[in-house]
Amino acid sequence: MTDKKYPTPLLDDLEKGPWPSFVKEIKKSAKSPMVQDLLGLLERSYEEKIGHWKHGGLVGVQGYGGGVIGRYSDLPAEFPDVSEFHTIRVNQPSGWFYTSDALRTLCDIWDRHGSGLTNMHGSTGDIVFLGTKTTELEPIFSELTAAGFDLGGSGSDMRTPSCCNGMARCEWACYDTMAFCNDVTQTYQDELHRPAFPYKFKIKASGCPNDCVASIARSDMSVIGTWRDDIQIDPAAVKEYALAGKLDIGKDVAGRCPTKVIDWDGTTLAIDNSNCVKCMHCINVMPKALSPGKDRGATILIGAKAPIVQGALLASVLVPFIKLEQPYEDVKELIAAMWDLWAEHGKNRERIGEFIQRIGLGNFLEQIGLDPAPEMVIQPRTNPYIFYNL
Amino acid sequence: MTDKKYPTPLLDDLEKGPWPSFVKEIKKSAKSPMVQDLLGLLERSYEEKIGHWKHGGLVGVQGYGGGVIGRYSDLPAEFPDVSEFHTIRVNQPSGWFYTSDALRTLCDIWDRHGSGLTNMHGSTGDIVFLGTKTTELEPIFSELTAAGFDLGGSGSDMRTPSCCNGMARCEWACYDTMAFCNDVTQTYQDELHRPAFPYKFKIKASGCPNDCVASIARSDMSVIGTWRDDIQIDPAAVKEYALAGKLDIGKDVAGRCPTKVIDWDGTTLAIDNSNCVKCMHCINVMPKALSPGKDRGATILIGAKAPIVQGALLASVLVPFIKLEQPYEDVKELIAAMWDLWAEHGKNRERIGEFIQRIGLGNFLEQIGLDPAPEMVIQPRTNPYIFYNL
Amino acid sequence: MSADVVKAKRKTDIGPPNYTKFLPPIIKENYGKWKYHEVPQPGVLVHTSHSGAKLYSVRAATPRLLSIETLRLFASIADEFTGGFLRFTSRNNVEFLATDEGKVAPLIARLKKEGYPVGGIGPSITNIVHTQGWVHCHSAASDASGVVKALMDELYPRFENMDLPGKTRIAFACCLNMCGAVHCSDIAVLAVHRKPPKINHATLGKTCEIPSTVAACPTGAIRPATVDGKQSVEVIEEQCMFCGNCFTVCPSMTMADPENDGISIWVGGKVSNARHEPMFSKLAIPYLPNNPPRWPEVTAAVKNIVDVYAKNARKFERIGEWIERIGWPKFFKLTGIEFTKYHLDDFTHAGESFKRSAQLRHSSEG
Amino acid sequence: MSADVVKAKRKTDIGPPNYTKFLPPIIKENYGKWKYHEVPQPGVLVHTSHSGAKLYSVRAATPRLLSIETLRLFASIADEFTGGFLRFTSRNNVEFLATDEGKVAPLIARLKKEGYPVGGIGPSITNIVHTQGWVHCHSAASDASGVVKALMDELYPRFENMDLPGKTRIAFACCLNMCGAVHCSDIAVLAVHRKPPKINHATLGKTCEIPSTVAACPTGAIRPATVDGKQSVEVIEEQCMFCGNCFTVCPSMTMADPENDGISIWVGGKVSNARHEPMFSKLAIPYLPNNPPRWPEVTAAVKNIVDVYAKNARKFERIGEWIERIGWPKFFKLTGIEFTKYHLDDFTHAGESFKRSAQLRHSSEG
Ligand code: SRM
Ligand code: SRM
Ligand code: SRM
Ligand code: SRM
Ligand code: SF4
Ligand code: SF4
Ligand code: SF4
Ligand code: SF4
Ligand code: SF4
Ligand code: SF4
Ligand code: SF4
Ligand code: SF4
């Protein structure tokens, strides 16, 4: 560890304790003058209880409209090496799998051209290279692409899609999330790199209703695996769970089924699959005995987002069930239809979820060519303000 | 029955069938020329599928701003006897109890001065005298008051309060609905007869959460009886129900408890009263064995209304529990505080439920001097748009 | 009492007569002391007091629109069987309050003979709460009494029997003002307009206050405008959803339209707090034609819903509770009702009705 | 590779490397063929394939903000124990993917030795999803990494053990933009501003587009205005709820305020569809002060909520499910948190959160 340029007593306190310390991480990279100044600036924030960063300007790499977040300190005189301190979003491989070599390649590039600090990963899913100068952007980009990496999204573009590890390591994946995520990422490179939408558009893919990438809360298009037929039951394994005695199948499994469709008589478990809502609970708690059906696919939901401007939204059902098989032509047609409509009629900084609420779900469906279905709503309308078309 | 002035083949069809016929009722009063013309006009509506009434003007009795709904036909030349056809709202006695004499008194007055047609009762609860001329209003009023009756509400006033029959005939009444209804009706005669509010204000009183006057859906102030202590259980009567075998206590009673707090082991019924939400179901289906607790009172809810303008509202909890004892000073203070605030700041035609939503429940409570309580909401806010007062 | 006498001492603000004057002695004696009730047969309630006293209430249907001839008939029936005591219910039935069990059977016989069926108690269809319609209101998009009569003629056995899973409350309203409070009914029959208001520019400036007319529109479809030199308003027709609130405040904007007015059907509302919290009614059928005098499309539609409910719901389940258990897709399937764009809410809180979860029933069939 | 060579063949739009390049052979062979998994000990997942193959995943915590030194360390640990294969999770943990059961114990020992605790699986508190804070963002009302470090030092045993009723997801966001997606977390820690923007009228006209600045305000609190002869905006302060969206679009409207910025706590959100549908987080504590470096008020508040939950919830109940069962009044009582005016929603859909039923728990105590 290099000598500190500034004393950082407040930050130093956060080197203590059992949880891994981000301060230690910062100090590990402190051979970089940028990181020295970052420590000084951050200590100042801890003293003053206020951030010291200004709005970013438009910085980026040639031909791309996104992927770099410009950032400038408001104390450039005191901390000149962070007067510019941009982040670069590098598109992660689907499922966040790496080889040690791939990791080292990324480290080497970042060692040459930036602070040496990263986020593994950003909230959207990107590899985040944390802190560099404008002049380094183009060199970093060149070395990244040479090594087979590319930038992720930022601004009003398609954002970097992400997915759970799905079929790679999970017995419940109802479709191939990683293949799908990679496919849409590659298909929409132009939309990812050149912001041309009213606002950001995020796609996240989870292999089952457990939704391990929180897609229903955080993506404009959420693709959640599910199935249409019966839950597969291995009666022998059910018996083992019952005998093991750790699980009270009546209370913990049947009793917690949201639609109460599990019948457990002490020896046999039966499910009224027509009323099972594919919540995953019974499967989650008895993974050896139960598994999703064989007729698998996904539900497509639309419009999740954080609160700004009109309040947070969870995604809502758009396609109750789709087989989701390569080359995903049906999904792509749907995406194209939605993007066309939204690009033409969406307001500036209006996410697609807000757009749908503004123009009405019925109109939205009509425009993109989908039939209304009762699965799309909790219940039909309660207010009588019907726009009859005569 | 008098001879018809007009042929009414369409209406005549509605004299047939097992259900009592309103056409027969109209014809029973057809000695009145008004009713003759009403039949003609109504038949015309049936032929043309359109109503033949115009907007009412301001008609009423001296010194009152409400109680009469003016009504004029748009075919006065053809049906001169209904060119004016106003209704009079007569305030019903609490609980809609009558003696035969009282009924006859009303009939006699109406016989002398109107069509002879009534609604027993209007949707708000009034005795509705259906159809008379402007010149008859004052005489009717005089005879009504002489007989001990008075007009009900209309326009932007307190409307005629109504209540379930409560303690008069129901074992579940948790407070005296009829006494309360009569008391507020009498206390607020001025507010009832002289519209001075931004819009109408309805009070309805139900003795228990079954809410037999639909107060939670239809009144600006809904007073619903409830209790705070334990449901009274008669174990012997429980056993009788079990033995009778008509009721499956496990499935039909315990299984349908919304908070699942009833325990039934085949012989004894136990209730976790701390989590009972006083829904009434178990009591409803086992009236001989269960009854509300002894520490009784009411929940006051606020703001129900029909859809116009911003959508229908159910009433929401304002006072989770109040003993509701005569002379109801606490309730009256609350009413006064609410009316003052709403009268001053409510917009024209803004019901109090809409008013609260516009100014915010927190502000409303502050202004009327009530503390916020978690019982008032399904859940605390989910959006982070908090108006901190510093 | 002569008119002169009355004029001399004009009384105001006396309020209604005190209810205690109209209570039968048994009620006065047992007021607040009732212990339990039983329903020995359709239309009859027996309340037993802690004192042991028993009150027999016999409930009969009325069409609500009653001639004074009928009221006098009721009065004399009350005199004959129940000491002159009777009451009306919150749903416009009449109840005769007997103390003598022996009077119950002859009372019922008499009521039936007079054409007033006895029933409406327990898991049945009781009287339909309704409004004025073409009989008295200027706003009506259909008749009220006529539709109700046609419906109840059809549903009549459900009034006289107690063979439904739960209480089934039907309400009718003749316009979106919903005086029948149809917004929380098991089945709501709601008359609707489907054309924007026709504006009488010649009279509007004189009869209506323009600012309050503009403010009346929930969707902001109304703008002040000068037409033929007269102060008036214009309606952006694509923004109009035919609620008629402009007509309520301004007579020169009429809504009624013989061709396009008609009836919508809503289901699954409830008011009581029993088991499920109170719920709004939800749209089932957006439109059926106005077809007087019997509205056959409407009666068939309501009967279908009742029958499907009767067949499929579990004991004590109200319609809304039943549908919540089986899910709306199944409701539309079982009833054969088409799900359309109109079922999707598009007003202020529309987004709150969107299904924001992946908890769905799927079936390989579709 | 020299810079010249790179420049010569500038590549664009190649996207990320194909994930298949990074998968260990056992995953390639058993892709889509996993049968079930087990959790033999905290931090370890064993997935068994239909083929019988077993994959051992060991999960270790990271602070997310990682130096390349640490990444190189992870790479060498992967080389030593798992054939060079590793991955990161959707919550910023690192997972080492072993095929050899014998490697699990030494791998865990090594990770712990290096200071990266192993755990976060099953009914535990896993890593806190968080954002940039004072480390990188201009919007932050608090630091992110610091609060998270302080919290996890406190909650650490819940990461290493699996003794909670259900999974407990904590998220942190440093402003209302909620990059940490705290809106659906079991416990959400959200930094907030509490003062209206300070407007720099001298620069606003030059740096900001006035119409989009005005449009940015969710409550319409911003109006165009001319100040000292310069085009600018003004804020109706009573209408401002400090969301900071104006600052997002206009650098001349700064929000940060050392005295009044701080932290709010939200509870009961979830994302999974398991049992209960996904839910938003709900306000628990409107404000706690910014108290670096350890934010003791915040850590105590979160720990209290976790402890009360751990003690009272039933098996498998997430925080939101538990509160829904016991009711919000009880939650406030058990945690000792005060219920205030701020807990009552007053934004667009506020009315939808009002309790519109008489189904209440009452108790004679109060
Ligand atoms: C880096 C990252 C946070 C992190 O530490 O991980 C981030 C950082 C910023 N976000 Fe974010 N957002 C990041 C994920 C998110 C997420 C989570 C997600 O994508 O799953 C959300 C919530 C989900 C959503 O999209 O609604 C999110 C919702 C926002 C919003 C609010 C958008 C809205 O519609 O409500 C803004 C404001 C805006 O776009 O103007 C925003 C804006 C920003 C800006 C660009 C600040 C701004 O006002 O322009 C932040 C730059 C910080 C910096 O200087 O580094 N960020 N942002 C995340 C991206 C890393 C990556 O690419 O992997
Ligand atoms: C007579 C009655 C219907 C009936 O047949 O029973 C009735 C009739 C009218 N109502 Fe009503 N309302 C009647 C009970 C209701 C109810 C039910 C209730 O009170 O429980 C409601 C729904 C609950 C509520 O108050 O929200 C109701 C909601 C309306 C509305 C919508 C108010 C709103 O805030 O959404 C209007 C429109 C208005 O006030 O301008 C309205 C307006 C009217 C007017 C005055 C028409 C108008 O546009 O001015 C109707 C006169 C009809 C006529 O010519 O006789 N009426 N009205 C009911 C009063 C009788 C009585 O006094 O007993
Ligand atoms: C007479 C009346 C009150 C009055 O003062 O007029 C009344 C009287 C009784 N109600 Fe009611 N209810 C009356 C209107 C209502 C209403 C209001 C309405 O329908 O507009 C409701 C709310 C309806 C709703 O939820 O939409 C109502 C919901 C109940 C319930 C709850 C039923 C449920 O399962 O949801 C009960 C309990 C029960 O029946 O088990 C109940 C129970 C009772 C009992 C058993 C109470 C008792 O012990 O005396 C009475 C006879 C029940 C019956 O008719 O089956 N009463 N009851 C009303 C008769 C109307 C009619 O003529 O049919
Ligand atoms: C590795 C990871 C996916 C990935 O591609 O990165 C993952 C992996 C697994 N999840 Fe997950 N989940 C992962 C994030 C999530 C998320 C997203 C989040 O937290 O932001 C959720 C939604 C959380 C929420 O609802 O708020 C999530 C909700 C679940 C659930 C549902 C739990 C519930 O009862 O609500 C299960 C089922 C279970 O645990 O019984 C599950 C189960 C699993 C299983 C058992 C699946 C399997 O058979 O392999 C995996 C190990 C579980 C464990 O960690 O206890 N996973 N899981 C993520 C690990 C994050 C971490 O480092 O801690
Ligand atoms: S979302 Fe489902 S398929 Fe994907 S990792 Fe989680 S549990 Fe497995
Ligand atoms: S998946 Fe969920 S809804 Fe289906 S049976 Fe299992 S617990 Fe019930
Ligand atoms: S509301 Fe309750 S107290 Fe009143 S009549 Fe109905 S059941 Fe009885
Ligand atoms: S009153 Fe309702 S909530 Fe209470 S125990 Fe009975 S059924 Fe359950
Ligand atoms: S519902 Fe409409 S049409 Fe019917 S009485 Fe009420 S205001 Fe008139
Ligand atoms: S009918 Fe309703 S929506 Fe149409 S213009 Fe009139 S008020 Fe507006
Ligand atoms: S939550 Fe706000 S302050 Fe934190 S990184 Fe996102 S935009 Fe910046
Ligand atoms: S902080 Fe938010 S509410 Fe306040 S002025 Fe800015 S945009 Fe409007």
Side-chain angles (χ1 to χ4, degrees), chain A residues 10 13-14 17-20 22 25 28-29 45-46 48-51 53 55 91 93-100 103-104 107 110-111 116 118-120 123 142 145-146 148 150 167-168 171 178 185-186 189 209-211 213-214 216-218 256 258 279-281 287-288 306 308-309 312 314, chain D residues 1 6 11-17 19 22-23 27 31-32 34-37 47 61 63-69 71-72 75 78-79 84 86-88 90 115-116 134 138 140 145-146 149 152-153 156 176 178-179 181 183-184 218 245 251 256 258 271-275 278 290 292-293 316:
Chain A
L10 293 171
D13 189 69
L14 291 171
W19 194 249
F22 73 102
E25 295 293 329
K28 279 190 195 174
S29 281
S45 287
Y46 270 61
E48 297 176 352
K49 306 188 195 177
I50 195 162
W53 300 107
H55 252 262
N91 200 141
S94 291
W96 302 290
F97 283 88
Y98 297 91
T99 55
S100 49
L103 264 193
R104 276 187 284 256
C107 290
W110 191 225
D111 209 355
T118 72
N119 288 148
M120 296 298 276
S123 291
S142 302
T145 50
D150 199 348
M167 291 189 171
E171 67 268 35
M178 304 213 300
T185 308
Q186 293 292 354
Q189 281 292 301
N210 282 329
D211 197 2
V213 288
I216 203 168
R218 308 200 295 173
R256 294 217 165 270
C279 86
M280 288 297 296
H281 174 71
K288 285 187 179 174
I308 307 286
V309 179
L314 284 157
Chain D
M1 196 180 314
V6 173
K11 292 198 233 169
T12 66
D13 299 304
I14 61 168
Y19 58 96
F22 302 144
L23 300 179
I27 285 188
Y31 199 87
W34 300 105
K35 196 173 169 208
Y36 63 87
H37 76 276
H47 284 83
R64 190 181 83 135
L65 197 171
L66 293 174
S67 161
I68 50 175
E69 305 302 323
L71 291 179
R72 284 174 178 143
D79 284 341
L86 77 172
R87 72 179 290 266
F88 292 84
S90 63
Y116 298 95
W134 292 333
H138 58 167
S145 312
K149 164 74 174 143
M152 285 309 293
D153 276 345
Y156 177 76
L176 269 53
M178 292 198 184
C179 300
H183 58 302
C184 297
N245 199 36
V271 163
S272 80
N273 289 279
R275 299 172 309 282
N290 255 340
F316 298 123

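Just the heavy atoms: all of them, side chains too, but no hydrogens, waters or symmetry mates, feed the values below. All values reported here derive from a predicted model rather than from experimental measurement. Reminder, nothing fancy here: chain letters follow the sequence lines and each chain counts from 1.
The closest side-chain heavy-atom distance from A/T145 to D/T12 is not below 4.5 Å. Between A/F22 and D/K149 there is a side-chain heavy-atom pair separated by less than 4.5 Å. For the pair A/F97/D/Y19, no side-chain contact is recorded, criterion being any heavy-atom separation below 4.5 Å from C-beta on. Using a 4.5 Å cut-off on side-chain heavy atoms (C-beta onward), D/L66 and A/N119 make no contact. Between D/L86 and A/L103 there is a side-chain heavy-atom pair separated by less than 4.5 Å. Between A/D150 and D/K11 there is no side-chain heavy-atom pair separated by less than 4.5 Å. Two residues are said to be in side-chain contact when any heavy atoms from C-beta on lie closer than 4.5 Å; A/K49 and D/P292 meet this criterion. A/E25 is listed as a side-chain neighbour of D/S67, based on a closest heavy-atom distance under 4.5 Å.
With a 4.5 Å cut-off on non-hydrogen atoms, A/T118 touches chain D through its backbone and its side chain both. Using a 4.5 Å cut-off between heavy atoms, D/Y31 contacts chain A through both its backbone and its side chain. Contact of D/H37 with chain A is made through backbone and side chain together, with heavy-atom distances under 4.5 Å.
The shortest heavy-atom contact between D/H183 and A/A312 is CD2-CB, 3.7 Å. D/H138 approaches A/W53 most closely through the heavy-atom pair CB-O, 3.5 Å. When all heavy atoms are compared, the tightest approach of A/P20 to D/G115 is CB-O, 3.7 Å.
In terms of non-hydrogen atom pairs under 4.5 Å with chain A, the most contact-rich of D/P278, D/G32, D/P258 is D/P258. Between chain A and the residues D/A140, D/P251, D/A274, D/A78, the most heavy-atom pairs under 4.5 angstrom are made by D/P251. The residue among A/L314, A/I216, A/D211, A/L14 with the most heavy atom pairs within less than 4.5 Å of chain D is A/L14. Ranking D/I27, D/D13, D/L65 against chain A, the residue ahead of the rest is D/D13, based on heavy-atom pairs under 4.5 Å. The most heavy-atom pairs under 4.5 Å with chain D, out of A/P93, A/P18, A/P209, A/A214, come from A/P18. Chain A forms the most heavy-atom pairs under 4.5 Å with one residue out of D/V271, D/N290, D/N273, and that residue is D/N273. Taking A/P258, A/G148, A/G51, A/A306 one by one and counting their heavy-atom pairs under 4.5 Å with chain D, the maximum is reached by A/G148. The candidate with the highest count of non-hydrogen atom pairs below 4.5 Å against chain A, out of D/G15, D/A75, D/P218, D/G146, is D/G15.
Rounded to the nearest 0.5 Å, atoms CE (D/M152) and CH2 (A/W19) are 3.5 Å apart. Expressed to the nearest 0.5 Å, how far OH of A/Y98 lies from CZ of D/F22 amounts to 8.0 Å. Atom-to-atom distance recorded for A/M280:CE and D/R275:CZ is 11.5 Å, nearest 0.5 angstrom. Expressed to the nearest 0.5 Å, how far OG of A/S123 lies from CZ of D/R64 amounts to 5.0 Å. How far CG of A/N210 is from OG of D/S272: 6.0 Å, rounded to the nearest 0.5 Å.
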Verdict with reasoning, D/K35 to A/E171, per side-chain contact (heavy atoms from CB on, under 4.5 Å) = CA-CA 5 Å; D/K35 196 173 169 208; A/E171 67 268 35; 5.7 Å; no
Step-by-step side chain to side chain donor-acceptor pair (under 3.5 Å) determination, D/D79 to A/S100 | CA-CA 7 Å; D/D79 284 341; A/S100 49; 2.4 Å; yes
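Cation-pi contact between A/R256 and D/F316: absent, since separation from the ring centre below 6.0 Å together with deviation from the ring axis within 45° is not met.
Relative orientation of the D/W134 and A/Y46 rings is perpendicular, given thresholds of 30° and 60° on the angle between their planes.
A donor-acceptor pair under 3.5 Å links the side-chain atoms of D/W34 to the main chain of A/A168, judged by distance alone. Remark: side-chain polar atoms of A/Q186 are paired, donor with acceptor, to backbone N or O of D/P16 under 3.5 angstrom. Judged by distance alone, with hydrogens and angles left aside, the side-chain atoms of A/K28 form no donor-acceptor pair with the main-chain N or O of D/I68 at under 3.5 Å.
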